[in-house]
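The structure appears right after this line, and notes come after that.
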Amino acid sequence: MSDKHPEIRTIYTIVEETLIDGKLTLESPTRKAACAVVFKNPFADRYEEDLSLLYKWSDELGDLLTKKAVSALGIEPDKVESYGKAAISGLAGEREHCAALMHPALGKPIRANVGGGKALLPSAKKLGGPGCAIDLPLGHKDAAFVRSHFDAMEVRIPDAPRDDELVLIVGVTDSGRPAPRVGGLKVEEIKGEDGLR
């Protein structure tokens with residue numbers, strides 16, 4: 001295995017379109033897309049203090065995944081409304097391997113491919129085996145307090161992760177939840193100054 005690039009086994013893209021929510025038929029479907037990559041964990045079965053290789057890989061993978069997720073929705077990058085990230089480590093890895101993928105460097109390539117984004121990217125991480133599901137958290141890209149965009153998307157890859165693999169996931173949406181009605185800051189009220197409001 002080369003340290004220059006991750007050894008990718010699978011790239012998996014999912015699009016979820018909601019046309020009816022409860023009893024309500026929507027005028028326009030709400031759509032979410034997630035793209036996941038499965039690759040060999042270079043630190044499986046050993047403790048490593050320096051995880052910076054995963055920071056480097058997350059920049060490369062974040063660019064790939066975000067472009068694929070936005071393309072799956074068929075929209076321009078600046079039309080993305082929400083984003084989120086998640087990672088799963090196989091059982092020979094650690095949660096910290098997921099953290100190394102998601103936190104130091106992943107935000108930059110995601111924001112570069114969704115027309116910006118001032119809000120923190122919501123994230124989730126876990127350990128699991130093949131078929132393990134994770135709820136990818138989603139939030140408005142410019143204002144974390146927009147309640148209509150507090151959401152999640154379940155992602156599961158049938159044969160991943162194997163014990164010595166990592167799964168990195170990026171998700172985007174073209175809208176908030178169907179028929180939101182729990183108050184809070186509205187999209188049209190966003191000031192976009194601090195990532196909160």
Side-chain angles (χ1 to χ4, degrees), residues 10-38 58-88 101-103 105-125 133-157 167-197:
T10 302
I11 298 173
Y12 197 82
T13 304
I14 310 158
V15 176
E16 177 186 316
E17 289 189 85
T18 301
L19 291 87
I20 299 172
D21 189 56
K23 298 290 185 184
L24 182 67
T25 299
L26 306 178
E27 289 181 23
S28 300
T30 60
R31 299 184 313 141
K32 306 171 189 173
C35 191
V37 61
V38 181
S58 73
D59 187 64
E60 175 185 339
L61 295 171
D63 185 66
L64 170 77
L65 295 175
T66 310
K67 284 177 177 171
K68 282 185 170 289
V70 173
S71 176
L73 287 183
I75 60 175
E76 291 300 314
D78 63 344
K79 298 300 182 192
V80 168
E81 291 196 11
S82 294
Y83 53 22
K85 59 188 177 180
I88 308 169
L101 283 171
M102 289 194 294
H103 300 308
L106 186 59
K108 184 176 178 184
I110 293 175
R111 288 183 177 91
N113 287 291
V114 298
K118 293 186 179 293
L120 286 173
L121 277 141
S123 66
K125 61 187 76 62
I134 192 164
D135 286 338
L136 169 74
L138 296 162
H140 196 282
K141 71 178 185 183
D142 288 317
F145 287 2
V146 177
R147 285 186 205 156
S148 59
H149 287 58
F150 295 172
D151 208 353
M153 178 181 184
E154 184 179 90
V155 177
R156 184 183 71 83
I157 301 173
V167 179
L168 181 62
I169 308 157
V170 172
V172 295
T173 77
D174 67 359
S175 51
R177 294 188 314 279
R181 50 196 188 277
V182 294
L185 184 70
K186 293 181 172 49
V187 171
E188 57 271 21
E189 298 169 344
I190 294 172
K191 293 180 182 166
E193 294 168 357
D194 58 6
L196 298 176
R197 295 184 171 83

Worksheet item: How about Glu81 and Val146: do any of their side-chain heavy atoms sit closer than 4.5 Å?
Response: no
Worksheet item: Can you check whether Ala119's main-chain N or O pairs, donor with acceptor, with Tyr83's side chain at less than 3.5 Å?
Response: yes
Worksheet item: For Leu26, does the CG atom have more than 12 heavy-atom neighbours from other residues, nucleotides or ligands under 6.0 Å away?
Response: yes
Practice prompt. Report the distance from atom CG of Leu73 to atom CD of Glu16, rounding to the nearest 0.5 Å.
Written response: 11.0 Å
Item to complete: Compare every heavy atom of Ala124 with every heavy atom of Pro137, then report the nearest pair and how far apart it is.
Response: CD-CB, 3.8 Å
Worksheet item: Taking the side chain from Arg156 and the backbone from Glu154, do they hold a donor-acceptor pair closer than 3.5 Å?
Response: no
Discussion item. Suppose we screen for salt bridge (Lys or Arg N to Asp or Glu O under 4.0 Å). Which residues come up paired with Lys125, at least two apart in sequence or across chains?
Written reply: none
Worksheet item: With Val80, which of Val172, Thr173, Asp174 fulfils side-chain contact (heavy atoms from CB on, under 4.5 Å)?
Response: Val172
Discussion item. Test of understanding: with salt bridge (Lys or Arg N to Asp or Glu O under 4.0 Å), list the residues that count as partners of Glu17, not counting sequence neighbours.
Written reply: none
Worksheet item: Does the side chain of Val114 come within less than 4.5 Å of Val70's, by heavy atoms?
Response: yes
Worksheet item: Do the side chains of Val187 and His149 get nearer than 4.5 Å, heavy atoms only?
Response: yes
Fill in: Rounded distance (nearest 0.5 Å) linking atom CG of Asn113 with atom NZ of Lys68
12.5 Å
Item to complete: Might you work through the side chain to side chain contact (heavy atoms under 4.5 Å, CB included) test for Ile14 and Met153, ending with a clear yes or no?
Response: CA-CA 10 Å; Ile14 310 158; Met153 178 181 184; 3.9 Å; yes
Discussion item. Please report the interatomic distance CG(Leu121) to CZ(Arg111), rounded to the nearest 0.5 Å.
Written reply: 5.0 Å
Worksheet entry | Where Ala87 and Leu168 come nearest, the two heavy atoms and their spacing | CB-CD1, 4.3 Å
Worksheet item: Does atom CD of Glu188 have more than 12 heavy-atom neighbours, drawn from other residues, nucleotides or ligands, at distances under 6.0 Å?
Response: yes
Worksheet item: Between atom CD1 of Ile11 and atom CG of Leu64, what is the distance when rounded to the nearest 0.5 Å?
Response: 4.5 Å
Practice prompt. Grab the two heavy atoms, one from Gly192 and one from Ile190, that are nearest each other, plus how far apart they are.
Written response: N-CG2, 3.4 Å
Discussion item. Holding to salt bridge (Lys or Arg N to Asp or Glu O under 4.0 Å), I want the full list of residues that pass it with Asp142, two or more places apart in sequence or in another chain.
Written reply: none
Discussion item. Which residue in the set Arg31, Lys32, Arg177 passes salt bridge (charged side-chain N to carboxylate O under 4.0 Å, His left out) when paired with Asp151?
Written reply: Lys32
Worksheet item: So do the side chains of Cys35 and Thr13 get within less than 4.5 Å of each other, counting heavy atoms only?
Response: yes
Discussion item. Restricting to non-hydrogen atoms, name the atom on Ser58 and the atom on Ala105 that form the minimum distance, rounded to 0.1 Å.
Written reply: OG-CB, 3.6 Å
Item to complete: For residues Leu136 and Gly171, report the shortest heavy-atom separation together with the two atoms involved.
Response: CD2-CA, 3.5 Å
Worksheet item: Got a second to check how far Lys108's NZ is from Thr66's OG1, nearest 0.5 Å?
Response: 13.5 Å
Fill in: Contact summary for His103 and Ser123, nearest pair of heavy atoms
CE1-OG, 3.3 Å
Worksheet item: At what distance, to the nearest 0.5 angstrom, does CG of Leu120 lie from CG of Leu196?
Response: 8.0 Å
